[in-house]
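Working notes, beginning with the structure itself.
Throughout, a chain's letter reflects where its sequence line sits, starting with A, and its residues are numbered from 1.
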4 protein chains.
Amino acid sequence: MTRRSTLRTARNQPQQPRSRATVSVILEAAIRVLEQDGWDALTTSRVAEVAGVSVGTLYQYFAHREAIVEALQNRELERASEMLERLLKSPEPKSDRELARAVVEALFGLYKAAPALHRVLAVDGLRLAPPETVVAFDARSVGLVKAFLTVASARLRPMSLEAAAFVIYQSVRASMLAYFLESPAGVNDDVIVDELTELTVRYLTT
Amino acid sequence: MTRRSTLRTARNQPQQPRSRATVSVILEAAIRVLEQDGWDALTTSRVAEVAGVSVGTLYQYFAHREAIVEALQNRELERASEMLERLLKSPEPKSDRELARAVVEALFGLYKAAPALHRVLAVDGLRLAPPETVVAFDARSVGLVKAFLTVASARLRPMSLEAAAFVIYQSVRASMLAYFLESPAGVNDDVIVDELTELTVRYLTT
Amino acid sequence: MTRRSTLRTARNQPQQPRSRATVSVILEAAIRVLEQDGWDALTTSRVAEVAGVSVGTLYQYFAHREAIVEALQNRELERASEMLERLLKSPEPKSDRELARAVVEALFGLYKAAPALHRVLAVDGLRLAPPETVVAFDARSVGLVKAFLTVASARLRPMSLEAAAFVIYQSVRASMLAYFLESPAGVNDDVIVDELTELTVRYLTT
Amino acid sequence: MTRRSTLRTARNQPQQPRSRATVSVILEAAIRVLEQDGWDALTTSRVAEVAGVSVGTLYQYFAHREAIVEALQNRELERASEMLERLLKSPEPKSDRELARAVVEALFGLYKAAPALHRVLAVDGLRLAPPETVVAFDARSVGLVKAFLTVASARLRPMSLEAAAFVIYQSVRASMLAYFLESPAGVNDDVIVDELTELTVRYLTT
DNA sequence: AATGAATGAGAATTCATTCAT
DNA sequence: AATGAATGAATTCTCATTCAT
């Protein structure tokens, strides 16, 4: 399967500042379109218009429509990964419950900042061009969780670390996302954080 | 937002057998297209072709493209609901763990039977026309779970039943789906069922 | 090299009369556009407009833009082939010079009837989609000429029939075409026919 | 039809050596693109890239895209003209057949050296911007041939020199080109040269 | 002179939907 | 009821050309 290259990099030199700026403008525009009008409004011309550049310019930086979403995805996945890594590898000693809560809260913050974006990344991103990207990111996150579980295994219940990491990662992520998407009755910000913390602690520790 | 009515036939009017059959043929065709070629191939003419009817006929039964997906969704959601209801209201006494496992296994069966369909319903369905439908179904499922938790609350840890029902429902559903979509290394059918059972029991009981 | 199919045939049945008519209307429109505004004006929307149908309809019958030119090509090549075949296999006895003149005149008639079309077919057709088509047609025409030369070889000078057929075919065709395209000073309809007849007779006979 | 001027630099103004060099670099790049990737790849940015200059620079020397092809055409036409002139006006006495062969061989050499280029010039050049250019060149070549025929008329058959010059020029040129483009079965380098020589001699002399 | 980012008109193509038969 | 030809708005993407730096 030949995969089209996605970012159009200037032939060689370290991207000019102007270029960088334009790429940014376009991505921000894409987010705005997404947040305001949803996935189906994310047409190349709409994004260009909102970004205040011409379609041509957009295509100077993104090989095709999907490349825009891909770029957004990568940016966001990167942020989430970093957050996870930072917290899980933090040297400050915390109780397991404190750590679980910290992770849940950090994720909460990420999603709350741009719920529509995450909705799209989770929902549409999954069906988009490179399913590998999402799978790979999930694998990477699960890997981080698993690494942590391995270190902490003494304090945990006996279990398949692979599976446990996978399950807790998916559970927390999906519940959080669904919370933002569905605003379920009887659940609020505090409660969801509490419950997901509880879920994590109870599922993993003895 | 005015919502277009979706099925052409009046809700209650006893539908002709031929009509019923045609509707069925179309829905099965849609599933086949979905399973074989994915969401983007689900065009009205493709579905009509596979169903062996003309586009015109298709439009005789479905007001618009989205109505087809909606109908698929409803059918599948109905099945899932029934399953959940049957198990949770079953008179046979089971241990909590047995019941949890029974539900997890039933869900597993449902997904395994038509993974592509569920993928589409979960992933694409969510972004499709009537987000209410999904939300409504989720609400209904969560409601069933909550009803059960209420009855069983004596044996459970103290908690917000609303939130707990929401969290456990989303967690099990998402983990299962992700399992089928991503085939994570180190996890297999048995393990995923075991772990989700464990998750459920640990999260809810003392 | 996978070659896209070009004509969109109605699934099975012998094309409806309406369909046939529409195809014709589109091809005629294409010729008109070509004759009036040249190759670069031959856009799908222009052709559709001139044909009085919508772009959608055009695409119902032609898989892509090139398919239209291909169809024109085939039609015209067919005509030329038939003409050549009819004349060369004609039972009426003619002198070699009479036969040569008959062929040259027939070709002259073909080109004169739609010079712009032939210009495009010769000039643009060559660079278009299926170079094979043109080459194949040339090969077929050369084949017809060669077959004739073989039969008549007793009356001809000794030579490579392959090469002679190729050379005389290309020479007559190109000179005729150039005559229409360039309207060279000092040459008129009668003279060009005379000279190409002369060329043929002198080149082939003793 | 107002015709845009094509070269940026004033016709006679002594061009700077650097300018000359840049023009050359661009033309060579254009040929390389043409030979390697064909007509459709001949975009201004592609040519600039291969030439190692910026599009801006390209436009400094060529008023528009077509001007590049025009320039190529002129260069090549110039060469062909010179060749023809040199041979036809050569003082060394040769038999008619020897002369005919010399011209055919020279033309053969020209085409063989860069078949793709000549293909493009013949096929695409014709449809490009200045049809006058090609017509004018053809007229000039035909003029050279005619001048020669006039001088040699004593040894030739009686005929319209205009027409004969036109016909023989087009015939030899087209057959040669088609030979390179179509690689017809049963014809090789030697044979094609022989036959075109034969064609010329037989057509023109008694 | 050179650069190359930006422009935007315009081209091909798709597909949900309608409606005359 | 069924058919399927016709519609045309909408979308993606290209590329010749300009112009501020």
Nearest heavy-atom neighbours spanning T44(C) and L58(C): O-CD1, 3.4 Å

Spacing of [X] atom [atom1] relative to [N] atom [atom2], expressed in whole Å:
| X | N | atom1 | atom2 | result |
| --- | --- | --- | --- | --- |
| Q60(D) | dT3(E) | CD | P | 9 Å |
| I68(A) | dC13(F) | CD1 | P | 9 Å |
| E49(D) | dA16(F) | CD | C1' | 16 Å |
| Y61(D) | dA16(F) | OH | P | 20 Å |
| D37(B) | dC15(E) | CG | C1' | 16 Å |
| R65(A) | dT14(E) | CZ | P | 16 Å |
| H64(B) | dT18(E) | NE2 | P | 10 Å |
| F62(D) | dA16(F) | CZ | P | 15 Å |

Aromatic W39(B) / basic R46(B) pairing, under 6.0 angstrom, 45° off normal: no

4.5 Å side-chain heavy-atom contact, V33(C) and T43(C): no

Heavy-atom side-chain proximity of T57(B) to S54(B) below 4.5 angstrom: yes

Residue mapping more 5' on DNA chain E - nearest nucleotide basis, S45(B) or G56(A): G56(A)

5' priority, DNA chain E, between L58(A) and V55(B) [closest heavy atom]: L58(A)

Stem list, DNA chain F (Watson-Crick or G-U pairing under 3.5 Å, at least 3 consecutive pairs): E:2-21 with F:2-21

Donor-acceptor under 3.5 Å (E35(D) side chain, L117(D) main chain): yes

Touch class at under 4.0 angstrom, heavy-atom based, for T44(B) against every strand present: base

Sidechain N-carboxylate O distance under 4.0 Å for D37(D), R32(D): no

Which nucleotide in dC13(F), dA16(F), dA9(F) has an atom nearest any side-chain atom of Y59(A): dC13(F)

DNA chain F: 5'-proximal contact among L42(A) and G52(C) (nearest heavy atom): G52(C)

Contact nearer the 5' end of DNA chain F, comparing T57(C) with T22(B): T22(B)

Side-chain N,O (S54(A)) to OP1/OP2 (dG8(E)) below 4.0 Å: no

Euclidean distance, L34(A) CG relative to I68(A) CD1, rounded to 0.5 Å: 10.5 Å

